[in-house]
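Comments concern the structure below.
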There are 2 protein chains.
Amino acid sequence: MSRRTEQREAILDALRGSDRAVTAQELHGTLEGVGLATVYRNLQRLTDEGTAETLRRDNGEQAFLICGGGHHHHLTCRVCGRVERVRDCRLDDWAGEVAAAHGFAQVEHNAELVGVCKSCLKTGK
Amino acid sequence: MSRRTEQREAILDALRGSDRAVTAQELHGTLEGVGLATVYRNLQRLTDEGTAETLRRDNGEQAFLICGGGHHHHLTCRVCGRVERVRDCRLDDWAGEVAAAHGFAQVEHNAELVGVCKSCLKTGK
DNA sequence: CTTTGTGCAAAGGCTTTGCATGCTT
DNA sequence: AAGCATGCAAAGCCTTTGCACAAAG
């Protein structure tokens, strides 16, 4: 079982308090007194447990966020990085038909939406 | 403009002849006499030109494939890695509605389908 | 007291870059 | 001949791992 430590709490709080997906390095920079390896290990565990999710940035870096359970997708602002959870998903039919058409089975889908959020639109671009 | 070299041709041929997305390291392993840096540089250029596309593996490694132009998605076999091009896309309406609902603009979508292909199904998972 | 977590530094893996050489045009 | 491409090795990043020490239960 998981042991309660200051560092783990700090990481969890940071994740919960963020509306963006954050990287291990970013967390390490933000949280004073938490070693980089500790950040990585905790993020690893959180994703293994299913508590946190992972997004991949264009440069290959992994970013983490806590977004709650259940099937959903992400809508990310390409300007400020804010991530919104999208529960509305009508991709199953499409995925199923495509799979059938190609002779595939056991198909899962994953979709990402990227745009510009309301507040970044106001700010101008 | 691009200069014609043996190495570049070899890389292009390999990409065109593959039904999977391949990594730089894989290409370097396959193609005798092509330096790793050369593979990376050519793949970089091919994607910049829009000739090749990029997929990200779970470990963060980048894999490349040539898939032709136009909007499309990918259906990947999780067993053998074969990638099929999917032109059928009905995600625009959904993406637009989600965007509107969240106050986002300029939204682009990207979907990945992963399943098991016909021949891997026969072979037995 | 035992077990698990942390920190630091080293090591790993993928990718990029500097520089001299070779090949294309 | 001039310029771009290649090769090799070094360097860069992100991430993981080994080991001794500290903290939790």
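What you see is a predicted model, and the numbers here were worked out from it, not measured in a lab. Proteins come first, then strands; the chains are lettered A, B, ... in the order of their sequence lines, and each starts at number 1.
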* **Protein-nucleotide distance (B/Asp48, atom CG; D/dA5, atom C1'), rounded to Å** =>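 After rounding, the reported distance stands at 16 Å.
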* To do: Grab the CZ-C1' distance between A/Arg4 and C/dT6 for me, whole Å please.
  =>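 Rounded to the whole Å, the gap is 14 Å.
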* Asked: Which of residues 12-38 of chain A sit near DNA chain D, with a heavy atom under 4.0 Å from it?
  ->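 Heavy-atom cutoff 4.0 Å gives A/Gln25, A/Leu36, A/Ala37.
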* Asked: Who are the salt bridge (Lys or Arg N to Asp or Glu O under 4.0 Å) partners of B/Glu26, not counting sequence neighbours?
  ->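 Scan of B/Glu26 (salt bridge (Lys or Arg N to Asp or Glu O under 4.0 Å), adjacent residues dropped) gives B/Arg20, B/Arg57.
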* Between B/Tyr40 and B/Ser2, which is nearer to the 5' end of DNA chain C once each is assigned its nearest nucleotide? ->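 Closer to the 5' end of DNA chain C: B/Tyr40.
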Is any side-chain nitrogen or oxygen of [X] closer than 4.0 Å to OP1 or OP2 of [N]?
X       : N      : result
B/Thr5  : D/dC4  : no
A/Arg41 : C/dT4  : no
A/Gln7  : D/dA23 : no
B/Asn59 : D/dC14 : no

* What is the nucleic acid contact for B/Arg45, judged by heavy atoms within less than 4.0 Å: base, sugar-phosphate only, or nothing? ->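 Touches sugar-phosphate only.
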* Could you walk me through whether A/Arg90 and B/Glu97 pass the salt bridge (Lys or Arg N to Asp or Glu O under 4.0 Å) check? -> CA-CA 11 Å; A/Arg90 304 171 217 152; B/Glu97 288 176 33; 2.5 Å; yes
* Ring geometry between A/His109 and A/His71 (parallel below 30°, tilted from 30 to 60°, perpendicular above 60°) ->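 Judged by the thresholds at 30° and 60°, the geometry between A/His71 and A/His109 is perpendicular.
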* **Side-chain-base donor-acceptor pair under 3.5 Å for B/Arg3 and D/dG3** =>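 Side chain to base: pair present.
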